[in-house]
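Only heavy atoms go into these numbers, but all of them, side chains included; no hydrogens, no water, no symmetry mates. Because the structure is predicted, anything quoted here is derived from the model rather than measured. Per chain, numbering begins at 1; letters A, B, ... match sequence-line order.
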Amino acid sequence: MAKVIKIALAGEGGQGVQSIAEILAEAANEEGKNALYIPNFGVEQRGGVSIAYVQISDGAIGAPKFVKADILIPLSPRAVKRTKMHAGKDTVYIYDNSLVQEAEVNDNVVGMQYFDVTPPCPTADEANRDMQQDMIAGEPKTCSFTKPGPGVDPADIPENVKKVIACPANDIAKNELHPRVFNIIILGAIIAATEVLPLDTIKNALEIKLGDKFKANPQLRDMNFKALDRGYELIKSAM
Amino acid sequence: MAEVSLQGEQRVFMTGNEVVAWAAVAAKVDIMYGYPITPQNEIMHYWTRLAPKYGKRFLQTEDEISAGFTMLGGVMTGRKAFTATAGPGNVLMQESCVMAEMMRLPAVYVIQQRGGPSTATVIYAQQETQLTCFGGNGEGHRIVFSTSTHQELFDYTLKAFNAAWTYRFPSFVLGDGYQAKMREPLTIYEAAARGVDLVPTTPLVGEAKPGQFKHLRNTYNTEDELYEVVMANQRDWDAMAPKVVEWKDMHCQDADVVFICHGVVARAAVGAVEELRAQGKKVGLFRPITVRPFPDKQLADAVKNAKKVIVAESAYGQFLKMVDLALCGSKVERVPVLRPGIGITTEELVEEYNKL
Amino acid sequence: MQEVRENNVLQPAMPKCWNEETKPHKFCPGCGHGMILKALGEAIDELGIQEKVVFGCDIGCSLLSWDFFACDSVQTHHGRTTPVITGMKRANPDIIGIAYMGDGGGYAIGSQHLFNAAVRNEKMTIILCNNCNYGMTGGQMAPTTLPGMKTETSPYGRDVEQTGYPTKGPEMVAAVAPEGAYVARGTVANIRQLKGFIKKALENQLAGNGISFVECLSSCPTNWRTNAKQTWEFVEKDMAQYFKVGELRTPQAKEGK
């Protein structure tokens, strides 16, 4: 029975966890592996934590969800609390230790049940500007939280996991790159933690997903690839 | 207008809802009728994007009652039509389902089950199993395929149209929110590329020849009149059942313990069986693909050497009832794992086995 | 009108599209359904569309018309004839779809279908028989029961404070249907006019303009417990006073026509 790598990502609406889960699963599929991605979806509400489940294997994949993750990545203080049940003794636990706090999701996304609709960036001037307009041709939208705050309470970090890695992706995105590539740093981190796919496969996947944007603005490509490499190296050195 | 959109075959990575829309394209469906409800919405989203490119149509109705009945109108004119729904929408659609049963209409329904009762969750459940098989004031003369993978979702959606137009019983693809929303790879194909013949359609009304008119009846005056009609349907049903019944079994021959599941839960059981077999445990899996007609003889045969069966479902006993009926008279011990409205994982099934 | 002599009695001829095998029909003596269906039959004959018609009938007394015509026909469920014919017409626009129903089917259990078919301007014809009560189930109060009128479920007379006023269907359809709709209310008390309305309604569908809706004021002496004279008085005076007969919407003549 081929090993199945189980990855759970959790974050605030607007952090782009579903986007990177999708890119990851698609890249694995392109690589000829079996991949299964399922978002948790429901009635969007204030303070909702968005969780993405991705499984990658050379063989068949069983149930779409799982209890214990091999890689668990909660990206906000609230997500840390919400995903405790997925942490087990074999889990590599990567969390964002930037000193930020989650903003409230804007009221006007309440009631949405379409998981591909990324809730608007909570800190944007116009909340709806970030909303995906076309459900099929939509690009992934993401942002980091720039609101300063206490960050993750260390007491919430589960014990008895295989490894805990703190990754200040939010701060790096904000200070070194751009808030919008926050989730791409995380994507790089996942690749480093799992080595499930070569980094180039992800770059190809990004190229497919964002090719038009890259063409219009080549700087965007550099920034995304830089973010990917940054996340990868950060975790590689910690593993 | 282009007739065929799908040429040959193609490996794709998509959501289950998108798979259904492509399967409808592959089945050369003429028109979809629908009403928004999560988690089936994207079937309509994809269909409305695909349909105009291939000269196909869509009607968004005022509710699921209307979606069901407009679809019946569509099939009566000899056009291939379908609808999709979930949860409370499935409840409203039952009225049209029984009319399709009674009048032997080749209706096709795709059900993406969500949590119930009532509005409950928009996420996932297997709580519409009894409703889809037996909802309505009738005998449940329906063909219900419970799929487990995206490949099956495609294959059996195609099959549902063929079954409906061959046997003239309403046919259902019983999926769920997980299957609707998850993405995984599969191969979509043009029916001809795989040697699948699409059953031709014929109009029941609307293309009358002078002096030859059809009156489709749905109301009967006496008990005896109705009895004759229902019994004729029952005879057709009995003759058809062995031809459409489908199931899968895995390592049942020498198994002491057999998991019995349907739909997406069977995926977890496949994982559990592989894991436990690797440890040398004698376990197997039996999975009805058609939950109606139910493979009762096949199930009884598959578990005849087993000591225990673990019946797992994301509902409180809806599937268990069907299993109990099929195993009536068998001494094998039933261990139910009943989790209404919540997913069942491989780990949980392994744990249930270890508790035995 | 054609007339034939049979057994030395002068009889009006049946419309050609009537199904002779099912005559005499199954409605009660004095019922208005037969008169409406005769007007409809003559309109179908005059337009020569017998082979293209699919006639859908609702549940209630209207279901008795399931084999009334030598036309393709289908019985549906209570209130669901509008969506069934809608679905047919959408799938095969070449048919002439006629949905035939009573006031309960159109204004109560199937009102959402009628309303939305009108809003979408479905290219179909709906003919609704208004007889102020649920006939087949034994004379209960209907959406169209007149104020103060006694029925099985309003034995002391319809109390408008409790149950509201009678539904004015054509007025509702006329209010919501877009350009191209034809809406009228006729009465079995003026069959020549009613037939004209029904014919225009079918022509409107043939022209593909939009929805066509004709409500027919009709009689139900069995449940009204009226004799012939009282029945006609009720149709001609009481009903017509509340439900105004006439055309409410006609499609604008297209330019160049």
Query raised in the report: Are any of the side-chain heavy atoms of B:Arg142 and B:Phe169 separated by less than 4.5 Å?
Result: no

Query - Residue part contacting chain C, namely of B:Lys209, when any heavy atom lies under 4.5 Å - result: backbone

**Report entry** Proximity of B:Trp22 and B:Phe154 rings by center, below 6.0 Å
**Finding:** no

Query raised in the report: Does a side-chain heavy-atom distance below 4.5 Å link C:Leu64 with C:Phe27?
Result: yes

Query raised in the report: Is there a side-chain contact between C:Ile98 and C:Ile44, using heavy atoms and a 4.5 Å cut-off?
Result: yes

Query raised in the report: Using non-hydrogen atoms only, which part of C:Val84 is less than 4.5 Å away from chain B: side chain, backbone, both, or neither?
Result: both

Query raised in the report: Can a salt bridge be assigned to the pair B:Arg49 and B:Glu18 using a cut-off of 4.0 Å between side-chain N and carboxylate O?
Result: no

Query raised in the report: When only pairs under 4.5 Å are counted, which of B:Glu207, B:Met76, B:Met103, B:Met71 shares the most heavy-atom pairs with chain C?
Result: B:Met76

Query raised in the report: What part of B:Asp63 gets closer than 4.5 Å to chain C, counting heavy atoms only: side chain, backbone, both or neither?
Result: side chain

Report summary line: In terms of heavy-atom pairs under 4.5 Å with chain C, the winner among B:Leu59, B:Val98, B:Ile31, B:Leu72 is B:Leu59

Query raised in the report: Is it the backbone or the side chain of C:Phe69 that comes under 4.5 Å from a heavy atom of chain B, or both, or neither?
Result: backbone

Query raised in the report: Between C:Lys89 and C:Asp94, is there a side-chain N and carboxylate O pair less than 4.0 Å apart?
Result: no

Query raised in the report: Checking B:Arg217 against chain C: side chain, backbone, both or neither under 4.5 Å from a heavy atom?
Result: both

Query raised in the report: Is it true that C:Phe55 and B:His215 have ring centroids separated by less than 6.0 Å?
Result: no

Query - C:Leu63 portion near chain B, given a 4.5 angstrom heavy-atom threshold - result: side chain

**Report entry** Part of C:Ile59 within contact of chain B (heavy atom distance under 4.5 Å)
**Finding:** side chain

Report summary line: Under 4.5 Å to a heavy atom of chain B? For C:Thr76 that would be both

Report task. Could you tell me which portion of C:Asn19 (side chain, backbone, both or neither) has an atom closer than 4.5 angstrom to a non-hydrogen atom of chain B? Result -> side chain

**Report entry** Top of B:Pro203, B:Gly68, B:Gly206 for chain C proximity - count of heavy-atom pairs under 4.5 angstrom
**Finding:** B:Gly206

Requested in this report: Establish, for the pair C:Lys23 and C:Trp18, whether the NZ or CZ atom is under 6.0 angstrom from the six-membered ring centre and no further than 45 degrees off its axis.
Outcome: yes

